[in-house]
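Because only heavy atoms are used, hydrogens play no part in the values below, and waters and symmetry mates are left out as well, while side chains stay in. Each chain gets a letter, A, B and so on, in the order the sequences are listed, and its residues count up from 1. None of the values given here were measured: they were computed from a predicted structure.
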There are 2 protein chains.
Amino acid sequence: MSESIDFLYPTKWLSKASTGERVACELRMRIISGIVESGAILSENKLAADFSVSRSPVREALKTLASENLIRLERMGAVVIGLTEKEIKEIYDVRLLIETFVFERLVKMDVQELVKELSKILEMMKVAIKYKDADEFSYQDIMFHETIIRSIHHSYILMIWDNLKPVMESLILLSMRARIKEKYDDFTRIINNHELYIEAIRTKDRALMIESLHKNFDDVQEKVEDLWMSQQMLTKGVEQQDD
Amino acid sequence: MSESIDFLYPTKWLSKASTGERVACELRMRIISGIVESGAILSENKLAADFSVSRSPVREALKTLASENLIRLERMGAVVIGLTEKEIKEIYDVRLLIETFVFERLVKMDVQELVKELSKILEMMKVAIKYKDADEFSYQDIMFHETIIRSIHHSYILMIWDNLKPVMESLILLSMRARIKEKYDDFTRIINNHELYIEAIRTKDRALMIESLHKNFDDVQEKVEDLWMSQQMLTKGVEQQDD
DNA sequence: TCGAGTATACTTGTATACAAGTATTATAAC
DNA sequence: GTTATAATACTTGTATACAAGTATACTCGA
């Protein structure tokens, strides 16, 4: 009956992951990509059957996804919330909030090591573009921001990031995959923005940092559009599922 | 052997809670109160035996506590992180961050209903003080801030609060219990701060809101000191546990 | 044809069983 | 006494079993 859907999450990122994490990552991708639609009701038994695992890792995954605000655990079944434009805007509200906070801490710190680290990541991003590796690019993009956030050693800001990260990761993955084939110069612009960000950190230039953040977020709207595009693509390529 | 420790978390708040939640709430209180010390290693089997439940709800509880940054899940055993003064400062960093964000949204909204709701909660707090009910007071205090945060309907800000709330709740519970017997006028000051907060929201007075927030956070230092006090009290009242 | 009540099938939450892996301890060899 | 190896006891992760509760659907009655 239901077609076997290809795995969306990069399997090589899951080498050390438990079954529960695998289910969470894959299910997250399916929700964010729109394969699993908002409002759908997920049953533990059904998911366990779909992924050919027991209910234990499925339960674990559902709890994770609930804490990421992607589903809502109810009496009977988990209701998919998914990401509408509203949610994506909200995510970027929070990113703006925490990255601004982080920057305020950074201006009081020695950022030499951080700048070096970020430059390394940036070069890796360039290599990823050169070889049109969207997944690797996404990984480094996430890593870039995580490195900045980690550098201030603030466990509760990091906690927020830890909750946001998986969703961001999926979002960026899907967006980059949709863009890497054609919109080549999008990536050079992203690189430029990140270079600006590094420069802002190095010179501790608040205004520049805000500017680069906003440029970064101006991309968001496009990212979102790309996401809807990729949702269209994906859902068109999949047969209507019977239940 | 190990003494049977009284339950710290109000049992009547757990009427509809699952076993997993009960374990999480109680364990959280024990960690924050200092009964379970930082650095301690928790084993699922041991906890299950202590609470006379199976490993399933214990696993669930540990995952919850890990997402709240109270423990760190490692290969063998969960390491207790707990709350030092550093963590508590960080928690209030985040509260300041999100409550400021919320206020910026509030100034663009109709706050009439909210103000009414907050006034009601404030009256309940007064009653709780009158009858020296520290638990009820704590509940309403938490509810006060949650009501404000919920009012802007921002799911990802709410997500941050949801992660912070249980820790805040435990912290406030312990602090209020330690203070309600003697430091009576502390509570009238808290009430005054909250009245100021409501007034700031009603008049959309940014400066007043910042002032009341800061007054609120000036109390933090005392709260923390009270927490250490109560940790002393509790640990002195408990025999050294053999392992 | 419509409504009430019961039976059935499916839901989650918890307990238990099992497997794979890790640390520790004891033992043996040098 | 020290080191290396092996055995043991404990760890987590996953699967399965069971119990309690809920929604659905069907049957019986009017």
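The phosphate of C/dT14 has OP1 or OP2 within less than 4.0 Å of a side-chain N or O from B/T19. One finds a side-chain N or O of B/S54 lying less than 4.0 angstrom from the OP1 or OP2 phosphate oxygen of C/dA15. At C/dT11, one or more side-chain N or O atoms of A/N45 fall inside 4.0 Å of OP1 or OP2 (strictly under the cut-off). Under 4.0 angstrom from either OP1 or OP2 of C/dT11 there lies at least one side-chain N or O belonging to A/S43.
Atom NZ of B/K46 and atom P of D/dC10 are 11 Å apart (whole Å). Distance A/L42 CG to C/dC10 C1': 15 Å, rounded to the nearest Å. Atom CD1 of B/I41 is separated from atom P of C/dT22 by 17 Å (rounded to the nearest Å). Atom C1' of nucleotide C/dT11 and atom CD of A/E74 are separated by 13 Å, given to the nearest angstrom. Remark: P of C/dT22 and NZ of A/K16 are 12 Å apart, rounded to the nearest angstrom. Between the CD atom of A/E44 and the P atom of D/dT14 there is a distance of 15 Å, given to the nearest Å. Put simply, CG on B/L73 is 12 Å from C1' on D/dG13, counting in whole angstrom units. Separating the CZ atom of B/R22 from the P atom of C/dA15 is a distance of 12 Å, rounded to the nearest angstrom.
In summary, B/R105 and A/D93 engage in a salt bridge, as defined by a charged side-chain N under 4.0 Å from a carboxylate O. The pair B/E117-B/K120 meets the salt-bridge criterion, since a charged nitrogen lies less than 4.0 angstrom from a carboxylate oxygen.
Summary of the strand contacts: A/R55 and B/G77 both lie near DNA chain D, and taking for each the nucleotide with the nearest heavy atom, the more 5' one is attributed to B/G77. Residue-to-nucleotide proximity on DNA chain D shows that, of A/E60 and A/R75, the 5′-proximal contact is made by A/E60.
Here B/S56 lies in heavy-atom contact (under 4.0 Å) with a base.
For A/R59, the side-chain atoms get nearest to C/dG13 when compared with the rest of D/dG13, D/dT14, C/dG13. In the set D/dT14, C/dA23, D/dA23, the nucleotide with an atom closest to the side chain of B/M76 is C/dA23.
Separating the SG atom in A/C25 from the CE atom in A/M29 is a distance of 9.0 Å, to the nearest 0.5 Å.
With 3.5 Å as the limit, one finds no donor-acceptor pair spanning the side chains of A/Y9 and A/E21.
Cation-pi geometry between B/R177 and B/F137 is not met at under 6.0 angstrom from the ring centre and within 45 degrees of the axis.
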